[in-house]
Asker: 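Below is a structure I'd like to ask you about.
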2 protein chains.
Amino acid sequence: MTKAGVDAVLAALADPTRRALLDALSARGQASASALAGDLPVSRQAIVKHLAVLEEAGLVSSERAGREVRYTLRSQALDATARWMAGLAADWDRRLATIKRLAEEPD
Amino acid sequence: MTKAGVDAVLAALADPTRRALLDALSARGQASASALAGDLPVSRQAIVKHLAVLEEAGLVSSERAGREVRYTLRSQALDATARWMAGLAADWDRRLATIKRLAEEPD
DNA sequence: ATTACCTGCAACCAAAGAGTTGCACATAAC
DNA sequence: GTTATGTGCAACTCTTTGGTTGCAGGTAAT
């Protein structure tokens, strides 16, 4: 996953309303912005903006069906970001262990 | 990891300057705000604020040493958040699979 | 004792972002 | 054809927040 991709996913997930939106979407499996607006205490327009951010980050995809647009979850981007994070944590541990070892080693 | 904890970590990681700060800190292993200010193109005060956010999220810890304050990385919070994300991705997959199965099943 | 360095607090600024309302347009339903 | 529903665009408000500068106080170094 690219640096920009991770950036976009993290920025998207930082907002609580957006996470609630993903939750609502995971319950429905697939839904339009208007339908989702019924699940959350914000206007449809706010939902639409959030969905645009989520789509930009690759966390959802949209598909037009007649007069409505159906949104679906995409787990890949989320999964990739989770791995990126786990890798970063491992990296920190590695570096810290090295520093600690050097500090304890007799010179 | 608590919901508030995940929230704090995601919000903290959303900012690119904060991620760069974590990077700089991982290179040094341990450093003061003033030292880190030399690594990034922002003022010491900005660094201090970012470190406060990171500490609140549990991503770094601080320790006073004489006149300076040394910051260190904490990988646990990051690791826990990575697991939370991986679990969420798995959850999405599970739900989507169920929905797909129900849709394909004859009624 | 004086100088240098790091931290802490506060006020302030500007940009980004979440949310709203209003209206126009398209597609389905009756 | 008329009505209802879903989307798209735009303007506008309010709050958050990343960043700054300035100054005071503490701790080390000379």
Side-chain angles (χ1 to χ4, degrees), chain A residues 3-25 27-73, chain B residues 3-25 27-73:
Chain A
K3 196 178 181 69
V6 170
D7 190 289
V9 171
L10 290 176
L13 290 178
D15 183 73
T17 303
R18 226 130 51 201
R19 287 201 301 280
L21 188 51
L22 290 172
D23 239 44
L25 195 51
R28 292 179 177 267
Q30 193 172 40
S32 68
S34 296
L36 290 166
D39 295 348
L40 302 183
V42 293
S43 71
R44 174 186 63 91
Q45 282 306 326
I47 301 278
V48 170
K49 285 190 192 177
H50 283 308
L51 284 170
V53 173
L54 292 170
E55 184 162 25
E56 186 68 27
L59 291 168
V60 306
S61 66
S62 65
E63 177 196 6
R64 173 140 230 149
R67 75 176 161 185
E68 65 180 37
V69 177
R70 303 222 185 91
Y71 292 86
T72 319
L73 293 174
Chain B
K3 196 176 180 68
V6 170
D7 189 289
V9 171
L10 290 175
L13 290 178
D15 182 73
T17 302
R18 227 130 50 200
R19 286 200 302 279
L21 189 51
L22 290 172
D23 240 44
L25 195 51
R28 292 179 176 267
Q30 193 172 41
S32 69
S34 297
L36 291 165
D39 295 348
L40 301 184
V42 292
S43 72
R44 174 186 62 92
Q45 283 304 326
I47 301 279
V48 170
K49 285 190 191 176
H50 282 309
L51 284 170
V53 173
L54 291 170
E55 185 163 24
E56 186 68 25
L59 291 168
V60 306
S61 66
S62 64
E63 178 197 4
R64 174 140 228 149
R67 74 179 162 182
E68 64 180 40
V69 177
R70 302 221 185 91
Y71 292 87
T72 319
L73 293 175

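Residue numbers begin at 1 in each chain, while the letters A, B, ... track the order of the sequences.
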Asker: Indicate yes or no for a side-chain donor-acceptor contact from A:R28 to the backbone of A:L36 under 3.5 Å, with no hydrogens or angles considered.
Answerer: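 Not a single qualifying donor-acceptor pair exists.
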Asker: Using modelled atom types only, decide if a donor and an acceptor are shared between the side chain of A:R18 and the backbone of A:A12 within a distance under 3.5 Å.
Answerer: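 At least one qualifying donor-acceptor pair exists.
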Asker: Locate the shortest heavy-atom distance separating B:R70 from B:E68; write the atom from each residue and the value.
Answerer: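 Minimum heavy-atom separation between B:R70 and B:E68: NE-OE2, 3.1 Å.
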Asker: I need the minimum non-hydrogen distance between B:S62 and B:Y71, along with the two atoms involved.
Answerer: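 Reported closest heavy-atom pair: CB-CE2, 3.5 Å.
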Asker: Do you know which two heavy atoms are closest between A:A11 and B:A14, and how far apart they sit?
Answerer: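 For A:A11 versus B:A14, the nearest heavy atoms are CA-CB, 4.1 Å.
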Asker: Kindly compute the distance separating OG (B:S61) from CG (B:L51), expressed to the nearest 0.5 Å.
Answerer: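 So the gap between those two atoms works out to 11.0 Å.
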Asker: First and last nucleotide of DNA chain C touching chain A, 5' to 3', heavy-atom cut-off 4.0 Å?
Answerer: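 Counting from the 5' end, contacts occupy C:dA18 to C:dA28.
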Asker: Can you check whether B:L13's main-chain N or O pairs, donor with acceptor, with B:R19's side chain at less than 3.5 Å?
Answerer: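 Yes, B:R19 side chain to B:L13 backbone: donor-acceptor pair under 3.5 Å.
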Asker: Using a 4.0 Å cut-off on protein heavy atoms (strictly under), produce a 5'-to-3' string for nucleotides 21-30 of chain D with B for base contact, S for backbone-only sugar-phosphate contact, and - for none.
Answerer: BB----BS--
Asker: Hey, can you pull the residues of residues 33-42 of chain B with a non-hydrogen atom under 4.0 angstrom from DNA chain C?
Answerer: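 Under 4.0 Å from DNA chain C: B:A33, B:S34.
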Asker: Applying side chain to side chain contact (heavy atoms under 4.5 Å, CB included), run through B:L22 and B:V60 and close with a yes or a no.
Answerer: CA-CA 8 Å; B:L22 290 172; B:V60 306; 3.8 Å; yes
Asker: Taking all atoms of both residues into account, what is the closest heavy-atom pair of B:R44 and B:S34, and its distance?
Answerer: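 Smallest heavy-atom distance, with atoms named: CD-OG, 3.4 Å.
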Asker: Between atom CG of B:L10 and atom CG of A:D15, what is the distance when rounded to the nearest 0.5 Å?
Answerer: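 With rounding to 0.5 Å, CG (B:L10) is 11.0 Å from CG (A:D15).
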Asker: Would you jot down, in residue-number order, the residues of residues 4-24 of chain A having a non-hydrogen atom under 4.0 Å from DNA chain C?
Answerer: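 Result for residues 4-24 of chain A: A:D15, A:T17, A:R18, sorted by number.
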Asker: Can you see which heavy atom on A:S43 is nearest to which on A:A37, and at what distance?
Answerer: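 Shortest heavy-atom separation between A:S43 and A:A37 comes out as C-CB, 4.5 Å.
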Asker: Strictly below 4.0 Å, heavy-atom distances to any atom of DNA chain D: list the hits from residues 47-60 of chain B, or just say none.
Answerer: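 Here the set is B:K49, B:H50.
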Asker: So, taking the atom named CG in B:D39 and the one named CD1 in B:I47, what distance separates them when rounded to the nearest 0.5 Å?
Answerer: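 It is 8.0 Å, given to the nearest 0.5 Å.
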Asker: State the dot-bracket string of DNA chain D. Criteria: Watson-Crick or G-U wobble, both atom distances under 3.5 angstrom; notation: ( ) intrastrand, [ ] crossing earlier pairs, | interstrand, . unpaired.
Answerer: ||||||||||||||||||||||||||||||
Asker: If you measure from CD on B:Q45 to NE2 on B:H50, what distance do you get to the nearest 0.5 Å?
Answerer: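 The distance works out to 11.5 Å.
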Asker: Do you know the tightest heavy-atom contact between B:L40 and B:A20?
Answerer: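 What the structure gives for the nearest pair is CD2-CB, 4.0 Å.
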